[in-house]
Amino acid sequence: MEKLAIDGGTPVRTKPFATWPIYGDLELQLLKEVLESGKWGGAGPTKLGYEAKLPEMERKFAELQDAAYAVSVANGTVAITVALQAAGVKPGDEVIIPPYTFIATATAALAYGVIPVFADIEEDTFLIDPEKVEKLITPKTKAIIAVHIAGAPANMTRLNEIAKKHNLVLIEDAAQAVGAKWEGRGVGSLGDLGTFSLQSSKNLNAGEGGVITTNSREYWENAWSISNVGRIPQGGWYQHERFGQNYRMTEFQAAIVLAQMTRLEEQMEKRETNAKLLNELLGEIDGIRLVKRDPRVTRHAYHLYIFKLEPDLAERINKEQFAKQVTAEGVPLATGYVPLNKNKAILGKIKEWTGEEREYDCPVCERLCEKEAFWLTQNVLLSDEEDMHDIARALRKVIASYQ
């Protein structure tokens, strides 16, 4: 057995994986146009001869996701809050969400007094389990948030059936899923509203920023107004007809997004190619289980590449130590989320809003988080084919040390 790098052995690789972000002359050119225009913000008049970047970005983003409308906002967290407000969800109402997601899915609701209720995830996909969702619906339930975790669309066919049956709003948290498709249609156009993140780790990166998509003109107008201090489209500067706040993006961010969009297709193709190769390589390693892909996922964004350890192996390792061992071999392996249904900050805020100490039973998520689930991030999938073989070699080497 080879000596592990963490114990002084030779690492499988020392070469770095693909760096992120990726940029070039187009980003510099568009940023220079904004700088010289004098129109740096997303509000107010546009100088003669300058084509504002935000409206162009919103239009192209909506087209990318097969949606009729898009509204740019400050970040992906705000996007969820505004989407709930735009759809008429009120403080005190409940929204069903998965526990396997970034904390913002829950905090964005709680910031507005909307109470998250946690529905467990599917064992093989890490996505919200629609049948668990339906069992949790009560008269207080007003919305469902389907998180397209890692870039894989949730079961939008079944979730739409449930939402329509119970007259619920269906919101897609597509923060990790720009470019992803379910049955040939872009995420963000499948439910009532979609929300996206442009934060620096995301596949479409503006440093910070968010986008809300919808096919409803009413929801678009509501979201636009809420994000623009209650103004209305084509209204006067001091014509505030709704309660809103300033959640706008800047022209600089829109310029970066427009440039980054030109790179997205090539990057998506490379991620999918490398993910397919990784599936082949890791599928041959005893102790590893692959995440299943629903055939209705016609495009996976692969913001993350998730895999699991077999239960018997997972019981014999310390998850954090295993990740450190693989990372020492030159492969940056992450342990992933902690279950939100156990998060003290979330449970504390729920108690503050409701006056109740609530418990949520999500055994699948809890086990995967505690023992079995690991990630590779999207930039790793932008590396070369040989780098994918290195990933498999590193994992095989570390797993062999537990035999």
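- Distance check, rounded to the nearest 0.5 Å: OG1 of Thr213 to CG of Leu193 gives 7.5 Å.
- Residue pairs meeting the ring-ring contact (aromatic ring centres under 6.0 Å, His included) criterion with at least one partner in residues 72-98, sequence neighbours excluded, are absent.
- Minimum interatomic distance between Cys362 and Asp120 (heavy atoms only, all atoms of both residues): C-OD2, 3.1 Å.
- In summary, Asp294 and Arg158 do not engage in a salt bridge, as defined by a charged side-chain N under 4.0 Å from a carboxylate O.
- Taking a cutoff of 4.0 Å between a charged side-chain nitrogen and a carboxylate oxygen, Glu310 and Arg316 do not qualify as a salt bridge.
- Ile212 is listed as a side-chain neighbour of Val73, based on a closest heavy-atom distance under 4.5 Å.
- Across all non-hydrogen atoms, the minimal contact from Ala146 to Leu170 is CB-CD1, 4.3 Å.
- The backbone N or O of Gly188 sits less than 3.5 Å from a side-chain atom of Glu172, completing a donor-acceptor pair.
- Listed by chain and number, the residues in a ring-ring contact (aromatic ring centres under 6.0 Å, His included) with Trp353 amount to none (sequence neighbours excluded).
- Tested against Leu278 for a side-chain contact (heavy atoms from CB on, under 4.5 Å), the candidates Thr273, Leu381, Leu395 yield a single pass: Leu381.
- Residues Phe102 and Asp173 have side chains not in contact (no heavy-atom distance under 4.5 Å, counting atoms from C-beta outward).
- The side chain to side chain donor-acceptor pair (under 3.5 Å) analysis of residues 58-68, with sequence neighbours excluded, yields the pairs Glu56-Lys60, Glu58-Ser72, Asp66-Lys181.
- Taking 4.5 Å as the limit, some side-chain heavy atom of Ile149 sits within range of a side-chain heavy atom of Gln176.
- By the ring-ring contact (aromatic ring centres under 6.0 Å, His included) test, Tyr302 pairs with His300, sequence neighbours left out.
- Remark: Arg217 engages Glu221 in a salt bridge, criterion side-chain N to carboxylate O under 4.0 Å.
- By the side chain to side chain contact (heavy atoms under 4.5 Å, CB included) test, Pro139 is found to be paired with no residue, residues two or more places apart in sequence or in another chain being considered.
- Applying the side-chain hydrogen bond (donor to acceptor under 3.5 Å, both in side chains) rule to Glu94 yields the partners Arg358; only residues at least two apart in sequence or on another chain are considered.
- Although no hydrogens or angles enter the test, the distance criterion places a donor-acceptor pair under 3.5 Å between the side chain of Glu329 and the main chain of Ala5.
- With hydrogens and angles ignored, the 3.5 Å screen pairs a side-chain donor or acceptor of Ser225 with a backbone N or O of Arg231.
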- Task: Test Lys90 against Lys142 for side-chain contact (heavy atoms from CB on, under 4.5 Å), laying out the working first.
- Result: CA-CA 9 Å; Lys90 306 294 185 186; Lys142 295 297 183 289; over 6 Å; no
- Message: I'd like to know whether Leu204 forms a side-chain contact (heavy atoms from CB on, under 4.5 Å) with Val211, so could you lay out the CA-CA distance, the side-chain angles of the two residues, the decisive distance to 0.1 Å, and finally the verdict.
- Response: CA-CA 11 Å; Leu204 193 62; Val211 181; over 6 Å; no
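- The closest donor-acceptor contact from the side chain of Asn160 to the backbone of Leu190 lies under 3.5 Å.
- With respect to Glu123 and Lys308, a salt bridge is recorded, a charged nitrogen being found less than 4.0 Å from a carboxylate O.
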- Test Glu370 against Lys319 for salt bridge (Lys or Arg N to Asp or Glu O under 4.0 Å), laying out the working first. CA-CA 7 Å; Glu370 182 183 355; Lys319 190 177 179 186; over 6 Å; no
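- With sequence neighbours excluded, the residues that form a ring-ring contact (aromatic ring centres under 6.0 Å, His included) with Phe118 are Tyr360.
- Judged as a salt bridge (charged side-chain N to carboxylate O under 4.0 Å, His left out), and not counting sequence neighbours, the contacts of Glu265 are Arg299.
- Judged by distance alone, with hydrogens and angles left aside, the side-chain atoms of Gln325 form no donor-acceptor pair with the main-chain N or O of Asp7 at under 3.5 Å.
- Once rounded to the nearest 0.5 Å, the distance linking CD of Glu251 with NZ of Lys53 reads 7.5 Å.
- The line from CE of Met57 to CD of Gln253 is 8.0 Å long, rounded to the nearest 0.5 Å.
- A 4.5 Å side-chain heavy-atom check between Leu127 and Pro98 finds every atom pair outside the cut-off.
- With rounding to the nearest 0.5 angstrom, the CD1 atom of Ile145 is 7.0 Å from the OG1 atom of Thr195.
- Rounding to the nearest 0.5 Å places CD1 of Ile115 at 13.5 Å from CD1 of Ile96.
- Looking only at distances, a side-chain donor or acceptor of Asn246 sits under 3.5 Å from a matching main-chain atom of Arg248.
- Between Asn75 and Gln199 the shortest side-chain heavy-atom distance does not fall below 4.5 Å.
- Contacts of Tyr112 classified as side chain to side chain contact (heavy atoms under 4.5 Å, CB included), with partners at least two apart in sequence or in another chain: Thr81, Gln85, Pro91, Val114.
- Here the side chains of His389 and Glu385 are in contact, with some heavy-atom distance below 4.5 Å.
- Annotation for Asp286: atom CG does not count as buried by contact number, only 12 or fewer foreign heavy atoms lying within 6.0 Å.
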- In sequence, state the C-alpha distance, the side-chain angles, and the governing distance for Glu386 and Lys15, and then conclude on salt bridge (Lys or Arg N to Asp or Glu O under 4.0 Å). CA-CA 11 Å; Glu386 184 59 29; Lys15 174 187 173 184; over 6 Å; no
Return a table of donor-acceptor pairs under 3.5 angstrom between the side chains of residues 16-25 and protein atoms on other chains or two or more places apart.
from  : atom 1 : to     : atom 2 : distance (Å)
Trp20 : NE1    : Ser200 : O      : 3.0

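- Between the side chain of His303 and the main chain of Ala150, no donor-acceptor pair closer than 3.5 Å is present.
- With sequence neighbours excluded, the residues forming a side chain to side chain contact (heavy atoms under 4.5 Å, CB included) with Ser216 are Thr214, Glu218, Tyr219, listed by chain and number.
- Side-chain contact between Phe322 and Ile399 is present, with heavy atoms from C-beta onward closer than 4.5 Å.
- Remark: the backbone N or O of Pro99 is not paired with any side-chain donor or acceptor of Asn341 at under 3.5 angstrom.
- The aromatic rings of Trp375 and Tyr100 sit perpendicular to each other, their planes meeting at more than 60°, with 30° as the lower class boundary.
- Atom CD of Gln403 sits in a crowded spot, with more than 12 heavy atoms from other residues, nucleotides or ligands closer than 6.0 Å.
- Rounded to the nearest 0.5 Å, atoms CD1 (Ile256) and CG (Leu26) are 11.0 Å apart.
- For the pair Arg263 and Glu27, the salt-bridge criterion is met [side-chain N within less than 4.0 Å of a carboxylate O].
- Side-chain atoms of Asn228 never come within 3.5 Å of backbone atoms of Gly230 as a donor-acceptor pair (strictly under, hydrogens ignored).
- With sequence neighbours excluded, the residues satisfying side chain to side chain contact (heavy atoms under 4.5 Å, CB included) with Asp129 are Glu122, Glu131, Lys132.
- Within 6.0 Å of CD in Glu356 there are more than 12 heavy atoms belonging to other residues, nucleotides or ligands.
- Side-chain atoms of Trp182 never come within 3.5 Å of backbone atoms of Thr298 as a donor-acceptor pair (strictly under, hydrogens ignored).
- Residues Val117 and Thr141 form no side-chain contact, since every pair of their non-hydrogen atoms from C-beta on lies 4.5 Å or further apart.
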